Novice: 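Attaching a single structure in structure tokens format; questions to follow.
Small disclaimer: the values here were computed from a predicted structure and weren't measured.
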Amino acid sequence: MGKPVREYLLTLCITAAVTYLLTGPVRKFAIVAGAMPEIRARDVHREPTPRLGGIAMFFGLCSGLLVADHLTNLNEVFAKSNEPRALLSGAALIWLIGVLDDKFEIDALIKLGGQMIAAGVMVMQGLTILWLPIPGVGNVALTQWQGTLLTVALVVITINAVNFVDGLDGLAAGMVCIAAGAFFLYAYRIWYSYGIEAAAPGTLFAAILMGMCLGFLPHNMHPARIFMGDSGSMLIGLVLSAGAISITGQVDPDALALFTGSEKAAVHQTVPVYIPLLLPLTIIAVPAADLVLAIVRRTWRGQSPFAADRGHLHHRLLEIGHSHSRAVLIMYFWSGLIGFGALAYSVNSASMWIVLGVVFLSSVGLILLLLPRFTPRVPVWAQRFVPPRYRRGTPEAAAEQTAASESSEASEAAEPSEPSEASEAGERAPVTAGVSGVNGATAIGARSRFIDRR
């Protein structure tokens, strides 16, 4: 057990290091190349920020696969399976489409077609769903066309779910990293505990994906110095879906039946994670829900499902009153609760403590979610122990309330109350900024964390 874990950790660390070290030069390149669009009406950030962070993430992926190919235990993955090569081929194609989109803003339907082609490239090289474990039925083999259609659908859904949630600094990378962590533990358990070699590629993909996200996060946390762009969000979405396909569609439940007594019992044991991984992954349930709600919302309004708006979950958290960082942490919390909750339930589905723990943490999450809507009334004897804004009838509370009202009036005066027709259509607002003003920094100069409000 020790050697494989050390090799996975080595692969993860090298992937993270390469991604981290390359993100700085990529940021300078993105500024010089002009991959730095103006502020749009739906954007949360207030200064033009360079994109193309997916370039560093892609080279991190390549370095992780290269290192794993030269390690003793992980080399068997490349010798016995063609899935790493299939992943690299599909990732290169989707990454190239994302780079072009970050620079030239290509049409949404063209991107959708590129996503389907990238999924088809992986299917042609063997990374496809061969069967489905159905609870109460057992192992159901799929025809070639059924497996291809289901694989393409899963890849497209996962890519767009991750792309839709990429709206706040550090949100997409952090949520995918949490999802990859839960997925790695699940895949490693199947591979090592049951001795199923078919789970090894998915375990490797999850480790590399964690390295890509961890290496990029220091540059992307609020306030972000660089965005991953579509070249990054579509790339990590494809890697995550590739791991799910490798585990869900190619690990034969018959192998698990050797340890559980029967095929149906094996399917029943793994169903808490198997079935939700399909449509789409339990570990990205939050961005998947955001994707479904966005499609319903836009279709209901008579808009295209690909039309951009400010109705995503993270936008609603900001509207409720959460700060940027707190909104990101709340999304992290729910992603971790769903992903690791499903993982714990798959390990021991008969334990009532796991269910009660998930219910309790869900209640805590709801309280944190709705906390800005409530202003607690603090007793007189406890006012000295709370911040001034919670104190009733004190000069500090009055002063803070006056300052808050003045700041809100200033922000309303600085920003138009009604967006223009061009803004509602998703076009960029005419915000101009020189290179020296990119997110408070030049390409090589110091970076200010404070915005000039003059």
Novice: Would you say Thr11's side chain and Gly64's backbone share a donor-acceptor pair under 3.5 angstrom?
Specialist: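 Looks like no, no N/O pair under 3.5 Å.
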Novice: Is it the case that the side chain of His222 and the backbone of Gly170 share a donor-acceptor pair, with hydrogens and angles ignored and the cut-off at 3.5 Å?
Specialist: no
Novice: Could you label the plane-to-plane angle of the Trp95 and Phe58 rings as parallel, tilted or perpendicular, counting under 30° as parallel and over 60° as perpendicular?
Specialist: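 Trp95 and Phe58: parallel rings.
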Novice: Quick check: does any side chain N or O of Asp102 sit under 3.5 Å from a backbone N or O of Ser231, one acting as donor and the other as acceptor?
Specialist: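 Yes: the side chain of Asp102 pairs with the backbone of Ser231.
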Novice: Quick one: are the ring centres of Tyr8 and Phe184 less than 6.0 Å apart?
Specialist: yes
Novice: Would you name the heavy atoms of Gly215 and His219 that are closest together and state the gap between them?
Specialist: O-CD2, 3.9 Å
Novice: Just by modelled atom types, is the Gly60 backbone N or O under 3.5 Å from a matching donor or acceptor in the Ser63 side chain?
Specialist: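 At least one qualifying donor-acceptor pair exists.
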Novice: Within this structure, what is the CG-CE distance for the pair Leu87 and Met122, rounded to the nearest 0.5 Å?
Specialist: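 These two atoms lie 7.0 Å from each other.
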Novice: Main chain of Asn73, side chain of Glu7: is a donor-acceptor contact present, judged purely on distance under 3.5 Å?
Specialist: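 Indeed, once roles are kept as given, a pair shorter than 3.5 Å links the two residues.
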Novice: Apply side-chain contact (heavy atoms from CB on, under 4.5 Å) to the pair Tyr186 and Ile247, showing each step before the final yes or no.
Specialist: CA-CA 10 Å; Tyr186 174 73; Ile247 293 291; 3.8 Å; yes
Novice: In Å and rounded to the nearest 0.5 Å, what is the CG to CZ distance from Leu240 to Phe205?
Specialist: 12.0 Å
Novice: Do the ring planes of Tyr188 and Trp191 sit parallel (below 30°), tilted (30 to 60°) or perpendicular (above 60°)?
Specialist: perpendicular
Novice: Could you tell me whether a side-chain N or O of Asn220 sits under 3.5 Å from a main-chain N or O of Met228, the two making a donor and an acceptor?
Specialist: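 Answer holds: no.
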Novice: So Asp169 and Leu171, side-chain contact (heavy atoms from CB on, under 4.5 Å) or not? Walk me through it.
Specialist: CA-CA 6 Å; Asp169 297 348; Leu171 182 58; over 6 Å; no
Novice: Starting at CG of Asp69, measure out to CD of Glu76 and round the result to the nearest 0.5 Å.
Specialist: 12.0 Å
Novice: About how many Å separate CG of Leu61 and CE of Met212, when rounded to the nearest 0.5 Å?
Specialist: 5.0 Å
Novice: Kindly say whether Phe78 contributes a backbone atom to a donor-acceptor pair with the side chain of Ser81 at under 3.5 angstrom?
Specialist: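 No, the answer is negative, given that no donor and acceptor are paired below the 3.5 Å cut-off.
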Novice: Under 3.5 Å, is there a donor-acceptor pair between the side chain of Asn160 and the main chain of Val156?
Specialist: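 Such a contact is found between Asn160 side chain and Val156 backbone.
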Novice: Is it true that a side-chain atom of Asp101 and a backbone atom of Ile106 form a donor plus acceptor pair closer than 3.5 Å?
Specialist: yes
Novice: Which heavy atom in Ile226 sits nearest to a heavy atom in Arg27, and how many Å separate them?
Specialist: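 Heavy atoms of Ile226 and Arg27 come nearest at CD1-CA, 3.7 Å.
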Novice: Atom OG1 of Thr128 and atom CG of Leu130: how far apart are they, to the nearest 0.5 Å?
Specialist: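 Here the rounded value is 6.0 Å.
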Novice: Surrounding CZ of Phe29 (heavy atoms of other residues, nucleotides or ligands, distance under 6.0 Å), is the total greater than 12?
Specialist: no
Novice: Using side-chain contact (heavy atoms from CB on, under 4.5 Å), reason through Gln115 and Leu112 one step at a time and then give a plain yes or no.
Specialist: CA-CA 5 Å; Gln115 295 167 6; Leu112 180 62; 3.8 Å; yes
Novice: Quick check: does any side chain N or O of Arg51 sit under 3.5 Å from a backbone N or O of Ala30, one acting as donor and the other as acceptor?
Specialist: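 No; judged by distance alone, with no hydrogens or angles, the pair does not exist.
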Novice: Considering non-hydrogen atoms only, spot the tightest contact between Thr19 and Thr15 and give its length.
Specialist: OG1-O, 2.8 Å
Novice: Could you walk me through whether Leu185 and Phe340 pass the side-chain contact (heavy atoms from CB on, under 4.5 Å) check?
Specialist: CA-CA 9 Å; Leu185 295 177; Phe340 286 95; 3.8 Å; yes
